[in-house]
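Lettering follows sequence order; numbering is per chain, from 1. Computed from a prediction, not measured in an experiment: that's the story for all the values here.
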2 protein chains.
Amino acid sequence: MKPKNLPLGNIDHEPIRIRSTEDLGAVLKVRRKKQKMTQSDLAGLAGTGVRYIVDLENGKQTAQIGPALKLIEWLGLEVTIREKKVD
Amino acid sequence: MKPKNLPLGNIDHEPIRIRSTEDLGAVLKVRRKKQKMTQSDLAGLAGTGVRYIVDLENGKQTAQIGPALKLIEWLGLEVTIREKKVD
DNA sequence: ATTAAAATTTCCCGTTAGGTAAAAATCTAT
DNA sequence: ATAGATTTTTACCTAACGGGAAATTTTAAT
């Protein structure tokens, strides 16, 4: 099978490595659109403001962790952490 | 093989699911000790203050994402995100 | 039990995250 | 092209993050 050429941030059931806030923002944005949600929708669900969502999706370094995890939950995603393969 | 009974937050190469900041804090703390680092060591490496490390390990909701990712890197860990299995 | 090292708490304080609301810019469809 | 919805930006503002340093508590070791 040839590896498919998927758009940046796309999630096709294989886990995506998050190295930076930019990575995270990209993934969340693509996922939100795939779920046909607006930023306001998400903000409402996760109990944050629109500004927070915008900042997060833009890879802001200083966005807070708590709300981000809730948001990820609402997007039907899950975060895992493990030892780096090559250390 | 019987599943081993590992201490909370231990990482034995299988990925750990992060649902909350408390989960994250616990994992990072155990990992730091396994690496024989002090909080000051880590703070120095990641370019943050000791207070930040303490807060993060204590599961503070409002800790910022950027420094956390750097820290995770320095601990030889990696973060991944994927679709929830059961949505 | 003492002593030392490490972890946590506390105080002071400049910087800023992020909420609301409104305006501007961008994207979608017809 | 134009209207409508969505996203982003902006401004204002309060709450609070997080750094440094010192003090206190906890842990570890002999």
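- A heavy atom lying under 4.0 Å from DNA chain C marks the following residues of residues 42-56 of chain A, by number: Thr48(A), Gly49(A), Arg51(A), Tyr52(A).
- The residues Glu73(A) and Lys84(B) are annotated as salt-bridged, a charged nitrogen and a carboxylate oxygen being separated by less than 4.0 angstrom.
- Residues Arg32(B) and Leu75(B) share a closest heavy-atom pair of CA-CD2, 3.8 Å.
- Rounded to 10°, the angle separating the first-five-pair axis and the last-five-pair axis of the helix from dA1(C)-dT30(D) to dT30(C)-dA1(D) equals 70°.
- In terms of heavy atoms, Leu69(B) sits closest to Ser20(A) at CD1-C, 3.4 Å.
- Under 3.5 Å, the side chains of Gln61(B) and Thr21(B) contain a donor-acceptor pair of N or O atoms.
- For Asn58(B), the listed nucleotide lying nearest its side chain is dT9(C); candidates were dA7(C), dC17(D), dT9(C).
- When all heavy atoms are compared, the tightest approach of Ala63(A) to Tyr52(A) is CB-CE1, 4.1 Å.
- Each of Arg32(B) and Ala63(A) was matched to the nucleotide of DNA chain C holding its nearest heavy atom; the match closer to the 5' end belongs to Arg32(B).
- Atom-to-atom, CD of Glu57(A) to P of dT9(D) comes out at 11 Å; the value is rounded to the nearest Å.
- Phosphate proximity of dG18(C) to Gln64(A): present, with a side-chain N or O under 4.0 Å from OP1 or OP2.
- Listed pair Gln39(B) / dT8(C) meets the phosphate criterion, a side-chain N or O lying under 4.0 Å from OP1 or OP2.
- Checking each of Gln39(B), Lys29(B), Met37(B) against Ile53(B) for a side-chain contact (heavy atoms from CB on, under 4.5 Å) leaves exactly one that passes, namely Gln39(B).
- The pair Glu14(A)-Arg82(B) fails the salt-bridge criterion, with no side-chain N (NZ, NE, NH1 or NH2) lying under 4.0 Å from an Asp/Glu carboxylate O.
- Arg31(B) and Glu83(A) are joined by a salt bridge, as a carboxylate oxygen and a charged side-chain nitrogen come within less than 4.0 angstrom of each other.
- Backbone-only contact: Lys29(A) has heavy atoms under 4.0 Å from sugar-phosphate atoms and none from a base.
- Considering only side-chain N and O atoms, Thr62(A) lies nowhere under 4.0 angstrom from the phosphate OP1 or OP2 of dT16(C).
- Met37(B) places its CE atom 12 Å from the P atom of dA7(C), with the value rounded to the nearest Å.
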